[in-house]
Structure formats: structure tokens, C-alpha cells
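To start, the structure under review is shown below, and the notes come after it.
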Amino acid sequence: MINIVLVDDQEVARTGLRTLAERDGDITVVGEAADGEAGLSVIRQHRPDVVLMDIRMPRLDGIAALERLAADPSLEAVRVIVLTTFDEDDNVLAAIRAGAAGYLLKDVAPAELRSAIRIVATGESLLSPTITSTVLRHLGGQIKTTLRPELLDPLTERERQVLARIGRGESNAEIGRSLHISPDTARTYVSRLLAKLGVRDRAQLVVLSYESGLITPGST
């Protein structure tokens, strides 16, 4: 059973999320909160596997709540999915930098919601990189980031190639086919990139590929 907590200031949104998440029987909502401050208390009480958290909330917003979670070693195993809309692109990037496993759009399909929760709960890719890169490409030139090409300085040419594929949302198997390497080798490269670039998960690698200028928003 995957235990989750819902943090959203709209009761109707929490009710809908609970209904959708619990439909298959392997996910259960163990707690709810209407703002980030209360959310932190509920999370500390229940230590869920996954948290679905809105960005815009009273008292303490989702990004500030994420920063506090990331700073608490006892909550390291708690994974957070940010709930957002297309007009919150800058907030999404800030949330991923703050430690979110990734994000879902609020109009996500029910099956996609449950699939994302399961992915995050296993700790594999934390959030499908395809979702992340698709949203970033959709936003295109709306993304307001200052390019930081120096982020790529520690990387070899092959590591840059792998990072570019991650930024395009490719899985390890797809990276392997694109670069003519095995999926296990691709996985090794991903682990190496996480260590070299000092980021915690694949979602942050996607953002970094854009921030460094390796991938241009709107490109394929």
C-alpha cells in the first residue's frame, strides 16, 4: 500500500484527488491539509511515501514547504509531487530546485495520476521525465531562466549527450538506443550525472539541461 498526503487549499480539489488516487486500491490517503504549514505537521505525523502539494496556498506556499522538507533529514524518504497549471512555469522550476520529485498538471488524467504516484513511490525516476520535458517544451519561450553554460564544465562529451537525451524526456532504454549503449550503461551515466552536478533526481537533471542552454525551450 502506498500512503499519500494531500496538501491543497481547495477542499474540492482534495476530495477529487482522494477519489482518483484511491480508485485501484493500492494507494491510500492518510492525511490532508489546506496550507503548507499544516501540511508539514501532517507529513511529520504520517511520514507518507508521497505528497501531492499545491504551489499557491495561504500561510506557507508549496515552495517554502518543500524547502523545509528538504532541510529535514528525517523526511528524506518523503517524495513530493507538485500540482500546478500551465501559467505557473517559473514556480514549477523553483519547486523542482527546492526538492520536488516533479509535477503534475491539475487536469491530469486519473490513470496518469496514479501511475505518477507509483513511479515516485518506488524512487525510480521520481517523476516521468517525459511529463517534465513535455511541459517545458510546451512553455517554450515563456521560461524565464538565465542561461548558465558553466554548469556543463565538469561533464565529458558523452555525459553531455546523455544529459541532452534526459532533457528531451528519454528513458534509459531510449537513451541506450539513441547512443548505441545498453540501458544499464545509460543508467550508470545518469547516476554519474547526478553525482557530478550535485542534484538529487532526474527531474532536476531535466531542468538543468534547460538552464545550461544544452536544450532550448521549444526544441525537439
Side-chain angles (χ1 to χ4, degrees), residues 1-55 57 60-63 65-85 92 95-96 98-135 166 169 171-173 183 187 190-191 194 199-206:
M1 184 66 70
I2 300 172
N3 295 327
I4 69 172
V5 162
L6 308 176
V7 185
D8 193 301
D9 62 331
Q10 297 183 357
E11 183 176 357
V12 65
R14 298 197 306 274
T15 300
L17 288 169
R18 175 188 285 271
T19 300
L20 296 178
E22 295 185 332
R23 182 173 298 175
D24 291 344
D26 63 329
I27 299 170
T28 184
V29 176
V30 296
E32 297 183 17
D35 61 73
E37 195 73 56
L40 288 172
S41 296
V42 173
I43 291 166
R44 291 190 177 102
Q45 177 184 354
H46 294 285
R47 305 295 174 97
D49 302 300
V50 179
V51 177
L52 299 183
M53 184 180 295
D54 191 15
I55 290 181
M57 295 183 294
L60 189 70
D61 65 29
I63 294 174
L66 273 166
E67 291 172 345
R68 292 195 191 179
L69 280 174
D72 188 339
S74 69
L75 300 176
E76 184 178 1
V78 177
R79 304 299 183 189
V80 179
I81 297 176
V82 168
L83 300 172
T84 185
T85 58
V92 167
I96 293 177
Y103 61 88
L104 290 174
L105 300 178
K106 287 189 174 180
D107 60 355
V108 61
E112 188 177 357
L113 170 67
R114 293 188 293 274
S115 175
I117 291 171
R118 294 180 187 116
I119 289 171
V120 170
T122 62
E124 297 225 347
S125 57
L126 300 180
L127 179 69
S128 169
T130 303
I131 298 172
T132 304
S133 62
T134 297
V135 174
I166 293 171
S171 65
N172 290 339
R187 188 176 298 106
V190 173
S191 298
L194 292 172
V199 297
R200 60 177 285 174
D201 58 55
R202 195 165 185 139
Q204 290 182 326
L205 286 178
V206 173

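- Using a cut-off of 4.0 Å between Lys/Arg side-chain N and Asp/Glu carboxylate O, E37 and R68 are scored as salt-bridged.
- Looking at R44 and L75, their side chains come closer than 4.5 Å, going by heavy atoms from C-beta outward.
- For the pair V50 and I81, the minimum side-chain heavy-atom distance is below 4.5 Å.
- Looking only at side-chain heavy atoms (C-beta outward), R202 and N172 come within less than 4.5 Å of each other.
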Verdict with reasoning, V80 to I43, per side chain to side chain contact (heavy atoms under 4.5 Å, CB included): CA-CA 11 Å; V80 179; I43 291 166; 5.8 Å; no

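- Side chains of R47 and S74 form a contact here, defined as non-hydrogen atoms less than 4.5 Å apart.
- Counting all heavy atoms, side chain and backbone alike, V108 lies closest to L104 at CG2-CD2, 4.2 Å.
- Rounding to the nearest 0.5 Å places NZ of K106 at 8.5 Å from CD1 of I55.
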Side chain to side chain contact (heavy atoms under 4.5 Å, CB included) evaluation trace for V78 with V51: CA-CA 7 Å; V78 177; V51 177; 3.6 Å; yes

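- Summarising the geometry, atom CE belonging to M57 is positioned 9.5 Å from atom CG belonging to L83; distances are rounded to the nearest 0.5 Å.
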I4 and D49: CA distance, side-chain angles, deciding distance, side chain to side chain contact (heavy atoms under 4.5 Å, CB included) verdict: CA-CA 6 Å; I4 69 172; D49 302 300; 5.8 Å; no

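- Closest approach of A70 to A98, counting heavy atoms only: CB-O, 3.6 Å.
- For CD of E22, the number of neighbouring non-hydrogen atoms (other residues, nucleotides, ligands) closer than 6.0 Å is greater than 12.
- Note that CG of L40 and CE of M53 are 6.5 Å apart. Values are rounded to the nearest 0.5 Å.
- Here the closest non-hydrogen pair linking A38 and A33 is C-CB, 3.7 Å.
- With values rounded to the nearest 0.5 angstrom, E112 atom CD is found 11.0 Å from R114 atom CZ.
- The shortest distance between side-chain heavy atoms of Q10 and D54 does not fall below 4.5 Å.
- No donor-acceptor pair closer than 3.5 Å links the side chain of R118 to the backbone N or O of I2.
- Checking side-chain atoms of R79 against main-chain N and O of A121 turns up no donor-acceptor pair under 3.5 Å.
- Annotation: the span from D35 atom CG to D9 atom CG amounts to 8.5 Å, rounded to 0.5 Å.
- Expressed to the nearest 0.5 Å, how far CD1 of I117 lies from CG of L17 amounts to 8.0 Å.
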Candidate pair R14 and V29, rule side chain to side chain contact (heavy atoms under 4.5 Å, CB included), full reasoning: CA-CA 10 Å; R14 298 197 306 274; V29 176; over 6 Å; no

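- Nearest heavy atom pair, residue V5 against residue P48, reads CG2-CG, 3.6 Å.
- Proximity of a side-chain donor or acceptor of H46 to a complementary backbone N or O of G31 within less than 3.5 Å is not detected.
- Looking at V7 and V42, their side chains never come closer than 4.5 Å, going by heavy atoms from C-beta outward.
- Within the 4.5 Å cutoff, side-chain heavy atoms of V82 are placed close to those of L66.
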